[in-house]
Amino acid sequence: MDQFYEMIYKRKSVRRYDGKRPLSAVELAEITAQLEKLQPLDSDIPVRFRIVKRGETGCLWGEYCLLLYSEERENYLANAGYLLEQMDLWFASRDIGACWYGMGRADEKKLDGLSFVIMMAFGRCRADAFRKSMSEAKRKPLSAVYTGGAESALERALQTAHYAPSACNSQPWSVVCEEGKLTVSQQSGFKNPLMKNLVGYMNKIDMGIFFCFLELALHHEGYDFRRTLLSDGAAEYTLSEE
Ligand SMILES: Cc1cc2nc3c(=O)[nH]c(=O)nc-3n(C[C@H](O)[C@H](O)[C@H](O)COP(=O)(O)O)c2cc1C
């Protein structure tokens with residue numbers, strides 16, 4: 001997964017696509033092949049992917065949508081976030097635009113007995129559609145989500161992880177660092193109580209996305225770790241030097 005690290009600084013949600021330059025059959029075959037290589041957060045959770053034309057989803061942009069189906073069991077939403085975020089980074093590495101699309105509705109709610117979870121729109125975009133500077137990325141200050149003193153390498157890793165995308169940019173993660181251990185938990189990311197159900201759902205996906213970024217960043221800064229998934233979308237990382 002480490003080859004994705006640099007893509008953290010390139011990716012962003014792409015909402016403008018070049019309809020005149022469709023993806024080729026070779027590119028679509030590469031995408032399908034890449035799906036086989038994704039690392040799950042929990043390998044016991046069965047998942048399937050489906051690629052459909054955007055028109056079949058009600059999604060507003062992109063040429064295609066990548067749909068994820070999963071068995072609904074503990075941590076399945078975080079697992080979905082963790083898996084599809086690897087595709088988001090891979091798409092950026094191939095200059096293919098992508099955007100998570102939580103509002104999208106799948107025509108088929110079930111696939112091989114698994115439930116539709118979330119989709120990601122993708123397609124050809126302009127080369128300059130990607131992020132040029134991290135100052136464009138709107139994120140809360142790190143101090144709003146992180147407590148505990150840390151050596152500078154760890155703080156760099158957390159700053160990088162904090163660039164993770166999230167639904168409505170809610171950034172629902174909070175990280176506490178104590179004695180070589182990071183506890184990552186989920187805060188309420190949205191203020192609107194009317195959206196409570198949708199929010200809880202999306203924020204669990206967001207946590208998986210954050211775990212993906214955090215792990216890439218920890219490895220990059222030379223940390224090894226043992227991850228323990230906890231209930232309520234939380235995880236504990238016990239750190240050691242690589
Ligand atoms: C789970 C999830 C669902 C999202 N759903 C939508 C969506 O329905 N429509 C949309 O325009 N953006 C959606 N986004 C994109 C976020 O708004 C975006 O990631 C966030 O604002 C941060 O911006 P960035 O991705 O450019 O860094 C979603 C992101 C995530 C992680």
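Heads up: numbering here begins at 1 and tracks the sequence. Order of appearance sets the numbers: ligands from 1, and atoms from 1 within every ligand.
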- Query: Hey, is ligand 1 close enough to Met103 that some N/O pair sits below 3.5 Å?
  - Reply: yes
Output a table of donor-acceptor pairs, distance under 3.5 Å, between side-chain atoms of residues 128-135 and any protein atom two or more places apart or on a different chain; print 'none' if there are none.
residue	atom	partner	partner atom	Å
Asp128	OD1	Arg126	NE	3.2
Asp128	OD2	Arg126	NH2	3.0
Arg131	NH1	Arg11	O	3.2
Lys132	NZ	Asp128	O	2.7
Lys132	NZ	Phe130	O	3.3
Ser133	OG	Ser135	N	3.0
Ser133	OG	Ser135	OG	2.6

- Do Glu27 side-chain atoms and Ser24 backbone N/O form a donor-acceptor pair below 3.5 Å? yes
- Item | Within-cut-off N or O pair, Arg11 and ligand 1, under 3.5 Å | yes
- Query: Is there a heavy atom of Arg131 sitting under 4.0 angstrom from any atom of ligand 1?
  - Reply: yes
- Message: Between Phe211 and Tyr82, does the ring-ring contact (aromatic ring centres under 6.0 Å, His included) criterion hold? Intermediate values first, please.
- Response: CA-CA 7 Å; Phe211 297 152; Tyr82 191 84; 7.5 Å; no
- Message: With heavy-atom distances below 4.0 Å as the criterion, list the atoms of ligand 1 near Pro165.
- Response: 19 (O), 25 (O), 31 (C)
- Transitive ILVMFWY side-chain link Ile51 to Ile96, under 4.5 Å: yes
- Message: Donor-acceptor check, side chain of Asp232 to backbone of Ala234, threshold 3.5 angstrom: yes or no?
- Response: no
- Look at atom 14 (N) of ligand 1 and say which protein heavy atom is nearest, naming residue and atom and giving the distance to 0.1 Å. Trp100 O, 3.5 Å
- Those atoms of ligand 1 less than 4.0 Å from some heavy atom in Lys12: 26 (O)
- Query: In terms of atom number and element, which parts of ligand 1 are under 4.0 angstrom from non-hydrogen atoms of Arg15?
  - Reply: 10 (C), 11 (O), 12 (N), 15 (C), 16 (C), 17 (O)
- Protein contact of atom 26 (O) of ligand 1 - nearest heavy atom, named by residue and atom, plus distance: Ser13 N, 3.0 Å
- Query: Any side-chain heavy atom of Glu63 within less than 4.5 Å of one from Phe122?
  - Reply: no
- Task: Compute the minimum heavy-atom distance from Trp61 to ligand 1 and say whether it is under 4.0 Å.
- Result: yes
- Message: Using only atom types and a distance under 3.5 Å, with no angle test, would you say the side chain of Ser170 pairs donor to acceptor with the backbone of Ala167?
- Response: yes
- Quick check, are the ring centers of His162 and Tyr146 under 6.0 angstrom apart? no
- Which heavy atom of the protein is the closest neighbour of atom 20 (C) of ligand 1, given with residue, atom name and distance? Ser166 O, 3.5 Å
- Query: Any idea which protein heavy atom is nearest atom 27 (O) of ligand 1, and the distance to it?
  - Reply: Arg139 NH2, 2.7 Å
- Note on the structure: Checking heavy atoms under 4.0 Å, the part of Met134 that sits near ligand 1 is neither
- Query: Would you call Asp112 and Arg48 a salt bridge, taking side-chain N to carboxylate O under 4.0 Å as the test?
  - Reply: yes
- Query: Hey, which atoms in ligand 1 end up nearer than 4.0 Å to a heavy atom of Ile209?
  - Reply: 31 (C)
- Task: Number the atoms of ligand 1 from 1 as they appear, then name those within less than 4.0 Å of a heavy atom of Asp206, with their elements.
- Result: 1 (C), 31 (C)
- What salt bridge (Lys or Arg N to Asp or Glu O under 4.0 Å) pairs are there with at least one residue in residues 65-74, not counting sequence neighbours? Glu71-Arg73
- Item | Closest protein heavy atom to atom 21 (O) of ligand 1, given as residue, atom name and distance to 0.1 Å | Asn169 CB, 3.5 Å
- Message: When you compare ligand 1 with Tyr163, is there at least one nitrogen or oxygen pair between them that comes in under 3.5 angstrom?
- Response: no
- Message: With a 4.0 Å cut-off on N to O distance, would you call Glu236 and Arg227 a salt bridge?
- Response: no
- Note on the structure: min-distance protein heavy atom vs atom 5 (N) of ligand 1 -> Gly102 N, 2.9 Å
